[in-house]
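Structure record follows, encoded as structure tokens.
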There are 2 protein chains.
Amino acid sequence: MPANQPNSRSDCPISFGLDLFGDKWTLLILRDLLLRGKSKFGEFLGSEERIASNILADRLARLESSGLITKAEDESDRRQSLYRATKKGTDLLPVLVELAYWGASHDPKTGAPKEFVKAYRLDRSGLLKRLKNEIKA
Amino acid sequence: MPANQPNSRSDCPISFGLDLFGDKWTLLILRDLLLRGKSKFGEFLGSEERIASNILADRLARLESSGLITKAEDESDRRQSLYRATKKGTDLLPVLVELAYWGASHDPKTGAPKEFVKAYRLDRSGLLKRLKNEIKA
DNA sequence: CAATTCAATTGCATTTTGCAAGTAACAATG
DNA sequence: CATTGTTACTTGCAAAATGCAATTGAATTG
């Protein structure tokens, strides 16, 4: 069972975010959702960081209860659920992009695509718009 | 004793960042360092989220060993050390700013200053420049 | 030199994580 | 329509991380 939301540690907006996704896994799920078009349990499980299924279930439940994602039935296969980011969730896209740019800049072994770094440097806000649009699609 | 760096989970740039600061505390220390001009153990301890001293010592050691901060002697009081962000550390400023903007936007009880939100909306890159400048000073 | 301050460290209980195995519901196959 | 496979979880348990309170030891202050 996922832990219920403990009261926040402070009214700092950074702390507010960390209370919801300050761990090693939650933002990776958002990454999969927002940047990789994934939406099913099995797809998240398949990501290269190899999250354990109990942790994944816990994080999805927390994300849902904190309003960052929604869970819906898959009409064509009732075993599966479809997870989607809410507005609150997609609003984290700029955070993910900055995180990715930072990582790409500071990890000598980064696997970040060169086009991403180039696009960021050339036109950050255009990149954000494009990524945001790709989510809807 | 702080844990030594485990090998990274993947070559994803987001995952790279989370391997270094994917927890509830590390980014708050960076916030104190980059946005609040703090530099001493006792100053970090005093922040409203109330980090425990053993956790703080652990995180400072990790931040140092991952090259995000440096530790220097305080000439005027040799009990104290002065922690400063490196280039790699200050490069996280945009991440902190996006995080803060997201939190300020989505926490109804946020304590984020209105001027911050206004400045972000009006001129994000100007805000970043200003904050970056304030760090050096 | 005694008291205080500061940055940690220690011991210990609690919580979280991670792994492997299991289960229940549904779907696909023959 | 029975069996086999798939999918999304759940469970049990060991290991690691966290959090708290108390303590240490060096440096400063009075």
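Of the charged side-chain nitrogens involved, none lies within less than 4.0 Å of a carboxylate oxygen, so that A:Lys109 and A:Asp107 do not count as a salt-bridged pair. Looking at B:Arg36 and B:Glu48, a side-chain N of the basic residue comes within less than 4.0 Å of a carboxylate O on the acidic one, giving a salt bridge. A salt bridge between A:Glu98 and B:Arg124 is present, with a side-chain N of the basic residue lying under 4.0 Å from a carboxylate O of the acidic one.
Regarding contacts with the backbone of D:dA8, every side-chain N or O of A:Tyr83 stays at 4.0 angstrom or more from both OP1 and OP2. Contact between the side-chain N/O atoms of B:Lys40 and the OP1/OP2 oxygens of C:dA8 is not found at any separation under 4.0 Å. At the phosphate of D:dA26, neither OP1 nor OP2 sits under 4.0 Å from any side-chain N or O atom of B:Arg78. For C:dC6, the OP1/OP2 oxygens have no side-chain nitrogen or oxygen of B:Gln80 closer than 4.0 Å. In this model, the phosphate group of D:dC9 is approached by a side-chain N or O of A:Lys71 to a distance below 4.0 Å at OP1 or OP2. Between B:Trp25 and D:dG19 there is a side-chain polar atom (N or O) within less than 4.0 angstrom of OP1 or OP2.
Within 4.0 Å (heavy atoms only), A:Arg59 reaches sugar-phosphate atoms of the nucleic acid but no base atom.
Rounded to an integer number of Å, the gap from CD of B:Glu75 to P of D:dT28 is 11 Å. A straight line from CD of A:Glu49 to P of C:dG18 spans 12 Å, rounded to a whole angstrom. Note: CG (A:Leu60) to P (D:dT10) measures 11 Å, nearest angstrom. One can place CG of B:Asp58 at 12 Å from P of C:dA8, the figure rounded to the nearest angstrom. Straight-line distance from the CG atom of A:Leu56 to the C1' atom of C:dA20: 16 Å, rounded to whole Å. C:dT17 atom P lies 10 Å from atom CG of A:Asn54, rounded to whole Å. Between the C1' atom of D:dA16 and the CD1 atom of B:Ile55 lies a distance of 12 Å, rounded to the nearest Å. Rounded to whole Å, atom C1' of C:dA28 lies 10 Å from atom CG of A:Asp77.
Judged by closest nucleotide on DNA chain D, A:Ser53 is the one of A:Ser53 and B:Ser76 placed further toward the 5' end. The residue among B:Asp23 and A:Leu45 whose nearest nucleotide of DNA chain D lies closer to the 5′ end is A:Leu45.
Under a cut-off of 6.0 angstrom, the local environment of CD in A:Glu134 is crowded, with over 12 non-hydrogen atoms contributed by other residues, nucleotides or ligands. Residue B:Arg78 places its CZ atom among 12 or fewer non-hydrogen atoms of other residues, nucleotides or ligands, all under 6.0 Å distant.
No N or O donor and acceptor, one from the side chain of B:Arg79 and one from the base of D:dT28, sit under 3.5 Å apart.
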